[in-house]
Amino acid sequence: SVVVLRACLALLAWPIYLLSFLGIWEPFCKKFFFPFFLEIFVAHEKKTKKYKQELFHNLPNFRSSSGELKLLEIGTGLGNNFQYYPAGCRVTCSDVNPSFQKGLLKNMKKNQHIHYEPFLIASGEDLHQVPSGSMDAVICTLVLCSVQSMNSTLREVLRVLRPGGAFYFLEHVAADPSSWMYFWQQIYFPTWKLVFDGCCLTREIWKNLEQANFSELKLQHISVDLPWMPVQPHIVGYAVK
């Protein structure tokens, strides 16, 4: 039944599959569709606001001995997290897709309480522009679903964090395998990944975090109220190097 329903969904999305076959969809998606989609899809930000407020409230606790707080955000996107960062912190924004920068500038202007370092065009798996041990905290929200390698990304996170620094995350994940949500995630998976720039619905990200070399992990499974969307199961928390 999963295979049949996947085929039906692919049939409905056949123009996108055709554009992908012709090599047109991916550049169009990265440059136009995905940035536009994130600007208009505000439901997720509204539904996760309370979780983000609670998640980021202890960021000041990770200031360095000098009193500075240096943050690196992987996959900054449009900069929706800026509003939650403490005043005076220094933020380095990074994203593999430079097409987000127009929307990013809008949020930068709205959030003048923080200092912005030069923007980095970089993937989570390769942050070589960031010196080892230079960051007090690394932020990653709705990004690990689409990185090429979660383990490589987490290794880079550990590398750039100073000892005692923290990695903050909020990610949608695979549902319980016995649930209807997981059944629908399996159906949506191929088409969703194609349409939404590599976003994977069935990653068990908490397992990668548990296996990474963090000294402390605070992780909570939550459900975000997004009716008819296959991205309701989430994990939220932080890990300390």
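Bear in mind that the values here come from a model prediction, so they are computed numbers and not experimental data. We number each residue from 1, following the sequence as shown.
Taking the six-membered ring for Trp and the full ring otherwise, the centers of Trp25 and Phe28 sit less than 6.0 Å from each other. If you look at Phe183 and Trp180, their ring centroids are closer than 6.0 Å.
At least one donor-acceptor pair closer than 3.5 Å links the side chain of Ser179 to the backbone N or O of Tyr182. Here the side chain of Ser152 pairs no donor or acceptor atom with the backbone of Asp126 at under 3.5 angstrom. At distances below 3.5 Å, not a single donor-acceptor pair connects side-chain atoms of Asn208 with backbone N or O atoms of Met150. Using modelled atom types, one side-chain atom of His113 and one backbone atom of Tyr85 make a donor-acceptor pair closer than 3.5 Å. Between the side chain of Arg6 and the backbone N or O of Ser1 there is no donor-acceptor pair closer than 3.5 Å. Checked by atom type and distance alone, the side chain of Thr76 pairs as donor or acceptor with a backbone atom of Ser94 at under 3.5 Å. Here the side chain of Arg203 pairs a donor or acceptor atom with the backbone of Leu144 at under 3.5 angstrom. Checked by atom type and distance alone, the side chain of Glu68 never pairs as donor or acceptor with a backbone atom of Ser64 at under 3.5 Å. Side chain of His115 to main chain of Gln112: no donor-acceptor pair is present (N/O by atom type, distance under 3.5 Å, no hydrogens or angles). A donor-acceptor contact shorter than 3.5 Å is absent between the side chain of Glu125 and the backbone of Thr153.
Closest of all the heavy-atom pairs between Pro131 and Arg159 is C-NH1, 3.8 Å. In this structure, Gly75 and Val143 approach most closely via the heavy-atom pair O-CG2, 3.6 Å. Across all non-hydrogen atoms, the minimal contact from Leu55 to Gly237 is CD1-O, 3.2 Å. Across all their heavy atoms, Ala175 and Gln185 have their closest contact at N-OE1, 2.9 Å. Heavy atoms only, all atoms of each residue included: Ala166 and Leu161 are closest at O-CD2, 3.5 Å. Listed here is the closest heavy atom pair of Thr92 and Pro118: CG2-O, 4.1 Å.
Follow the hydrophobic side-chain contacts under 4.5 Å out from Leu22 and you reach Val195 in the same cluster. The same ILVMFWY cluster, assembled from side-chain heavy atoms under 4.5 Å apart, contains both Phe56 and Val240. Both Met229 and Ile187 are assigned to one and the same hydrophobic cluster, defined by single-linkage of ILVMFWY side chains at heavy-atom distances under 4.5 Å. Residues Val160 and Leu209 fall within the same hydrophobic cluster, defined by Ile, Leu, Val, Met, Phe, Trp and Tyr side chains chained together at heavy-atom separations under 4.5 Å. Hydrophobic clustering (ILVMFWY, side-chain heavy atoms < 4.5 Å, transitive): Val157 and Val91 are in distinct clusters.
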What verdict does the side chain to side chain contact (heavy atoms under 4.5 Å, CB included) test give for Phe82 and Lys110, after you've listed the backbone C-alpha separation in whole Å, the side-chain angles of each residue and the deciding distance to 0.1 Å? CA-CA 9 Å; Phe82 294 160; Lys110 289 179 184 177; over 6 Å; no
Verify side chain to side chain contact (heavy atoms under 4.5 Å, CB included) between Val147 and Val96, making sure each step is shown before the conclusion. CA-CA 10 Å; Val147 296; Val96 72; over 6 Å; no
Could you walk me through whether Glu73 and Asn81 satisfy the side chain to side chain donor-acceptor pair (under 3.5 Å) test, starting with their C-alpha distance in whole Å, then the side-chain angles of each, then the deciding distance to 0.1 Å, before giving a yes or no? CA-CA 9 Å; Glu73 183 163 1; Asn81 293 329; 2.7 Å; yes
Can you list the steps and then say if Glu117 with Lys70 is a salt bridge (charged side-chain N to carboxylate O under 4.0 Å, His left out)? CA-CA 10 Å; Glu117 301 292 346; Lys70 295 181 180 179; over 6 Å; no
Working note: Cys8 + Leu12, criterion side chain to side chain contact (heavy atoms under 4.5 Å, CB included); need CA distance, chi angles, decisive distance, verdict. CA-CA 6 Å; Cys8 293; Leu12 290 173; 5.9 Å; no
Run Gln232 and Met181 through side chain to side chain contact (heavy atoms under 4.5 Å, CB included) and show every step you take. CA-CA 8 Å; Gln232 294 180 37; Met181 177 60 67; 3.4 Å; yes
Please walk me through it: do Glu210 and Lys207 pass salt bridge (charged side-chain N to carboxylate O under 4.0 Å, His left out)? CA-CA 5 Å; Glu210 289 167 354; Lys207 293 183 178 180; over 6 Å; no
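Counting only heavy atoms from C-beta outward, the side chains of Ile222 and Val224 approach each other to under 4.5 Å. Counting heavy atoms from C-beta on, the side chains of His44 and Leu142 come closer than 4.5 Å. Using a 4.5 Å heavy-atom cutoff, the side chains of Tyr188 and Leu5 are not in contact. In this structure, the side chains of Phe169 and Val236 stay at 4.5 Å or more apart for every pair of heavy atoms. Within the 4.5 Å cutoff, no side-chain heavy atoms of Leu71 are placed close to those of Tyr168. At least one side-chain heavy atom of Thr191 sits under 4.5 Å from a side-chain heavy atom of Tyr17. Residues Leu127 and Leu72 have side chains in contact (heavy-atom distance under 4.5 Å, counting atoms from C-beta outward). In this structure the side chain of Arg63 reaches within 4.5 angstrom of the side chain of Pro86, judged on heavy atoms.
To the nearest 0.5 angstrom, Trp14 atom CH2 is 8.5 Å from Leu19 atom CG. Note that CD of Glu156 is 8.0 Å distant from OG of Ser132, once rounded to the nearest 0.5 Å. Here the CG atom belonging to Leu120 is positioned 8.5 Å from the SG atom belonging to Cys93, to the nearest 0.5 angstrom. Distance check: Phe189 CZ to Cys200 SG gives 4.5 Å after rounding to the nearest 0.5 Å. Distance check, rounded to the nearest 0.5 Å: CD1 of Ile114 to CE of Met108 gives 8.0 Å. With values rounded to the nearest 0.5 angstrom, His172 atom NE2 is found 11.0 Å from Thr141 atom OG1.
The one candidate from Leu154, Leu217, Leu158 that meets the side chain to side chain contact (heavy atoms under 4.5 Å, CB included) condition with Phe167 is Leu154.
Environment of CD in Glu54: sparse, with no more than 12 heavy atoms of neighbouring residues, nucleotides or ligands closer than 6.0 Å. Summarising the local packing, CG of Asp176 is surrounded by more than 12 heavy atoms from other residues, nucleotides or ligands at distances under 6.0 Å.
Using modelled atom types, one finds no donor on one side chain facing an acceptor on the other under 3.5 Å when comparing Ser146 with Asp197. There is no side-chain donor-acceptor pair under 3.5 Å between Tyr116 and Asn111. Side chains of Ser149 and Asn151: no donor on one and acceptor on the other come within 3.5 Å.
Ring-plane geometry between Phe37 and Phe34 is classed as parallel, the angle between the planes falling under 30 degrees on a 0 to 90 degree scale with a further cut at 60. A tilted orientation is assigned to the rings of Phe196 and Phe33, their planes being inclined by 30° to 60°.
Ionic pairing of Glu45 and Lys47 is not present here: no N-O contact between side-chain nitrogen and carboxylate oxygen is shorter than 4.0 angstrom.
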